[in-house]
Amino acid sequence: MIKVKSKFDIFRQKVHIIIYGTNTVAGKAFDIVLLGLILLSVLMVMLETVDSVDERYHNVLLICEWIITIFFTIEYILRIISIKTPSKYIFSFYGIIDFIAILPMYLSFFFGGAQILSVVRALRLLRIFRILNLVHFTGQASELRLAIKTSRTKIIVFIYFVLVVCVLLGSLMYVIEGEVNGFTSIPVSIYWCIVTLTTVGYGDIHPVTPTGQVIASLIMILGYGIIAVPTGIVTAEFAQNRKKKGLFTLEKDYPCPNCGVDDHKQKADFCYNCGNKLEHE
């Protein structure tokens, strides 16, 4: 017996294609409108914090915020009813973000100024990876996350070393400069050392004595070298993980002769990008 679809089932199917689909004209149009409203909402929240703008257009901004919030609320409900297992969306990463995005305006009924939290809607811009068909970039993000995870022990040891250096040099600067020159305590001196070592340099405290200035110069030069260390650690782990997965980079003299791509799997005979035969030594 053929089961006839109800009007609600047909409606759910159409909504699902529009909201979750990116290959249809309606789906792409919906995604573009959604991104536009997210950007507009974040911009309006920012403008509300500018006194001159808020005084002149407060009511307009508030009305627009409520219109966008109602649209997001309807969209959230439609996302739930248009899939067979709503819990998969509700408790997913994007589902939680979408829910948080509509909360601030409703919370403003109970807590004054809560609508400012609507700026968290900027997180919804992460959907641009799906909308612009950039899903393949998530693979690269996974590799980078794995590289950071596998190198966390080395990074922790490095940070510990930096903290020890800051304590020693900060204490030394306290002895050399003293309270007269702004180094009122060892914690303050350590704060100055961290700021200087990270090349931020607020300028609220600075050495006056020649010895202190020499040490400060060494700390600043050391800071530039320290910046490169975590990058090198993560890069090395990234390359090692790719090697373990069977990925490698061919010699520059032996890329794909047809398209030039050079990140094939080991012992690959054909280019994954264009299908052309690869030339090995």
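The basis for the numbers below is simple: all heavy atoms, side chains too, and nothing from hydrogens, waters or symmetry mates. Numbering starts at 1 and runs along the sequence shown. All figures in this text were calculated on a predicted structure; none of them were measured in a lab.
Glu48 and Asp54 get closest at one heavy-atom pair: O-CB, 3.4 Å. What you find for Ile19 and Asp31 is that their closest heavy atoms are O-OD1, 4.1 Å. Shown here for Cys166 and Cys193, the closest heavy-atom pair between the two residues is CA-SG, 3.7 Å. Contact detail for Gln213 and Pro207: the closest heavy-atom pair is NE2-O, 3.6 Å. A pairwise comparison of heavy atoms in Ser82 and His16 identifies O-CD2, 3.2 Å as the closest pair. Considering all non-hydrogen atoms of both residues, His206 and Trp192 come closest at CA-NE1, 4.2 Å.
Between the side chains of Thr73 and Tyr106, at least one donor N or O sits under 3.5 Å from an acceptor N or O. Residues Tyr191 and Asp204 have side chains that bring a donor and an acceptor to within less than 3.5 angstrom of each other.
Contact annotation: the side chain of Ile68 approaches that of Met44 to within less than 4.5 Å [non-hydrogen atoms, C-beta and beyond]. For the pair Leu78/Phe11, a side-chain contact is recorded, criterion being any heavy-atom separation below 4.5 Å from C-beta on. Arg79 is not listed as a side-chain neighbour of Tyr94, based on a closest heavy-atom distance of 4.5 Å or more. By the 4.5 Å heavy-atom criterion applied to side chains, Phe72 and Leu37 are counted as neighbours.
With sequence neighbours excluded, the residues satisfying salt bridge (Lys or Arg N to Asp or Glu O under 4.0 Å) with Lys154 are Glu237.
When the side chains of ILVMFWY residues are joined at heavy-atom separations under 4.5 Å, either directly or via intervening members, Val214 and Ile205 end up in two distinct hydrophobic clusters. Transitive grouping of hydrophobic side chains (ILVMFWY, heavy atoms separated by less than 4.5 Å) keeps Val164 and Ile194 in distinct clusters. Linking ILVMFWY residues whenever their side-chain heavy atoms come closer than 4.5 Å, directly or via other members, places Ile70 and Leu103 in the same cluster. Hydrophobic clustering (side-chain heavy atoms under 4.5 Å, transitive across Ile, Leu, Val, Met, Phe, Trp, Tyr) keeps Ile67 apart from Val42. Under the 4.5 Å side-chain contact rule for hydrophobic residues, Val162 and Val200 share a cluster.
Judged by distance alone, with hydrogens and angles left aside, the side-chain atoms of Thr209 form a donor-acceptor pair with the main-chain N or O of Gly212 at under 3.5 Å. Put simply, the side chain of Glu65 never gets that close to the backbone of Met105: no donor and acceptor are under 3.5 Å apart.
Here Leu172 contributes atom CG and Phe183 contributes atom CZ; the two are 10.5 Å apart, rounded to the nearest 0.5 Å. Annotation: the span from Asn181 atom CG to Met173 atom CE amounts to 9.0 Å, rounded to 0.5 Å. Separating the CD1 atom in Ile190 from the CG atom in Leu197 is a distance of 12.5 Å, to the nearest 0.5 Å.
Aromatic rings from Phe99 and Tyr89 are positioned such that their centres are separated by 6.0 Å or more.
No more than 12 heavy atoms of other residues, nucleotides or ligands lie within 6.0 Å of OH in Tyr57, so this atom counts as exposed by the packing criterion.
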